[in-house]
Amino acid sequence: MTPRTFYLTTPIYYVNARPHLGHASTTIMADAMCRYRRLRGDRVYLLTGTDEHGDRIAQEAAKAGVSPQAYADEIAAAFRDTWRRLGITNDDFIRTTEPRHAVVVQAILQKLHDAGEIYFGEYGGNYCFGCERFYTDKEIVDGKCPDHQTPLTFIKEQNYFFRMSKYQDWLIKHLEEHPDFVQPERYRNEVLGFLREPLQDLSISRPRTRLQWGIPLPFDDQYVTYVWFDALINYVSAVGYPDGPLYRDLWAADHAEHLIGKDILKPHAVYWPTMLKAAGIPLYHRLNVHGYWTLGGGKMSKSVGNVVEAFSLTDKYGHDAFRYFLLREMNFGLDASFSEEAFVGRLNADLANDLGNLASRATTMIVNFGGGAVPAPGPAAPEDMAVREGLERAVAGVSQAMDAFAFQRALAAIWELIGTVNRYVDAMAPWALAKDPDKRERLATVLYTIGEALRGLGILLDPFLPGAAAKIRGAVGAPAPSHADLGWGRLAPGTPVTKLPGLFPRIDVGAASGPAGARPAAAAPNAEAGLAKIPIDEFAKVELRVAEVLAAEKVAKSKKLLKLTIKVGEETRTLVAGVAEHYDPADLVGRKVVIVANLMPATLMGIESNGMVLAASHEGTVSLLTLDKDVPSGSRVK
Ligand code: ME8
């Protein structure tokens, strides 16, 4: 794959609120995407930052009794610290109060003014102070702002206007000719929908008499710049517009992509491209739009405190798990619902069970049966090839999904592979091969295959679970991850392996909402036990009951089978058991045994069997499970 350049931006977040789940989710998506592109060998640049001007910041600062700058400094620092804590790999962090940004905003304003793209005029309309924009009559819902549900204020004032309306036809044409300009498609359609109505000119100033907290217009110091006109320009000011080398390589060379939530589609898909076009600046390459997280079924509004609470779960359950949930649970472009229950469910099922158990049993088996190191493999059997193909399929699946920002699909492709490897371990049963000196080469091949699959997972998982992926690579002696190392067979025989128990401790569901939710995993899984650990609720699906044997007889033409008539509570049923070589039918009558009562019926030698008798077996000895105290037939066993 030829390396490509990739410049990705997140929205710059308003400093009127502390970082919350919504901000974290966009920034985590951006980070996962950039880590992925770096793995592929691409040149990557990730930008995030804070949007610090405007009415609402001035209002919050006034409430807090501090200057807007002091207020912005504090919250911007909170964003920066949060991203550091979450391991976000941004290359820069831009603040709109920095001089490097203000000079670019003023230069672009001046350029547009000189070119006649900005004029002075009067406008009266319904204004939302929360959104800092005017609403048209069509957009107003019950006389209120559709976003904030607060009453609007009629404002009539003289302002500067950007001739946005003149770019309407051009923008429609651009969207039609570049189907990928806004993705997923539903948002492209939404933008084309806006553009079916006449596009208004955009008021790009606020009079100083009303608002001081903004960048002064270079051609009229009685006005400051409208916050959106200021904020959007961060994407080019941060990389040194108009002649910095980063601007040239990243923006002007058409490598820029934005990632935003659906709430700010219009400024990004309408204001921004028309501003760029009017200023003679190349457009961005693609706008990627995700849906909204909702909490408890309702819309997660920006002003609701529970988004902050939801975000606190990242410290409670760990950054990797939180990141995984956000990426796995949201279908890119659609809304998703966030709950602690769903989070813990995913953590237990996908992370503790599927991935954590695989990492634990795979490394434990290589250490125990391979003498602490990866053995040299013998010839590959079809089952081994299937694992290799599983890895190749996962690599292709991730690549395809990530091209469309479909994180959930990328993770589903990786979990397919985890399932394949878990089933391979169960089927190959290395613990059984280890007992047979004749199967030494086969054992070596199986252990190598497991180790190689785990190494592949340590690379593939890196963008999504950076902490866990590093631990996995560490356990199989793999260095820094790169897609170039995904080729099968790069795991060198003789590489020392260390056991990796408890990668993701299971969360006790009962305690999940209490303060001490997380608890460490129980003992490290035993490689001899073989099968993957299952959560208790999976075990609870198996209905075990005490049954009394009423009659028993040999099945004609079968050496192994006995036909039993049993009583389970009030019910009598027929069951076929493979114990004829170990029990005389007469000895069984009157005994109480344990059966699986909810097994789907199976027909054996023409007899329908409804259930299964439990028995232990060891080296040819078969022993039925019986009870050491008497309880009535039908009693539940668990
Ligand atoms: O709009 N679900 O800043 P902002 C998902 N400063 N994502 C969410 C979310 C939710 N419930 N809530 C917020 C601004 N977000 C402007 C941007 S860019 C030039 C200026 C995320 O602090 C999502 O990315 O209100 C959304 O677009 C962004 O936070 C809005 O952040």
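First listed ligand is number 1; within each ligand, the first listed atom is number 1. Computed from heavy atoms alone, side chains included, the values below leave out hydrogens, waters and symmetry copies.
- A perpendicular orientation is assigned to the rings of Phe407 and Phe405, their planes being inclined by more than 60° (bins at 30° and 60°).
- Of all atoms in ligand 1, numbered sequentially from 1 with element shown, those under 4.0 Å from a heavy atom of Thr26 are 21 (C), 23 (C), 24 (O).
- Ala349 is linked by a side chain to side chain contact (heavy atoms under 4.5 Å, CB included) to nothing, counting only residues two or more places apart in sequence or in another chain.
- Looking at His20 against ligand 1, only its side chain comes within 4.0 Å, counting heavy atoms.
- Note: Phe181 and Tyr284 have parallel aromatic rings, judged against thresholds of 30 and 60 degrees for the angle between ring planes.
- Using a 4.5 Å heavy-atom cutoff, the side chains of Tyr187 and Glu190 are in contact.
- The backbone N or O of Ala336 sits less than 3.5 Å from a side-chain atom of Thr294, completing a donor-acceptor pair.
- Taking every non-hydrogen atom of His290 and a distance limit under 4.0 Å, the qualifying atoms of ligand 1 come out as 5 (C), 7 (N), 24 (O).
- With Tyr135 as the aromatic partner, Arg133 meets the cation-pi criteria of under 6.0 angstrom to the ring centre and within 45 degrees of the ring axis.
- For atom 17 (C) of ligand 1, the candidate residues are Asp263, Ile12, Thr27; the nearest heavy-atom contact is made by Ile12.
- Polar contact check, Asp51 against ligand 1: a nitrogen or oxygen pair lies under 3.5 Å apart.
- Residue contact annotation: Gly291 has a non-hydrogen atom under 4.0 Å from ligand 1.
- Those atoms of ligand 1 that come under 4.0 Å of a heavy atom in His268, given as number and element, are 18 (S), 19 (C).
- Arg43 is listed as a side-chain neighbour of Asp249, based on a closest heavy-atom distance under 4.5 Å.
- For ligand 1, the atoms closer than 4.0 angstrom to any heavy atom of Ile264 are 1 (O), 17 (C), 27 (O).
- Residue-to-ligand polar distances keep Lys262 apart from ligand 1: every N/O pair is separated by 3.5 Å or more.
- Some N or O of Gly261 is nearer than 3.5 Å to an N or O of ligand 1, by distance alone.
- Taking a cut-off of under 4.0 Å to the non-hydrogen atoms of Ala231, the atoms of ligand 1 that pass are 19 (C).
- Counting all heavy atoms, side chain and backbone alike, Leu46 lies closest to Ala30 at CD1-CB, 3.9 Å.
- Among Trp228, Tyr235, Tyr271, Tyr13, the residue whose heavy atom sits closest to atom 31 (O) of ligand 1 is Tyr13.
- With ligand atoms numbered from 1 in the order given, ligand 1 contributes 2 (N), 5 (C), 10 (C), 11 (N) to contacts under 4.0 Å with heavy atoms of Trp293.
- Listed by chain and residue number, Tyr160, Tyr223 satisfy the ring pair (Phe, Tyr, Trp, His ring centres under 6.0 Å) test with Phe120 (two or more places apart in sequence, or in another chain).
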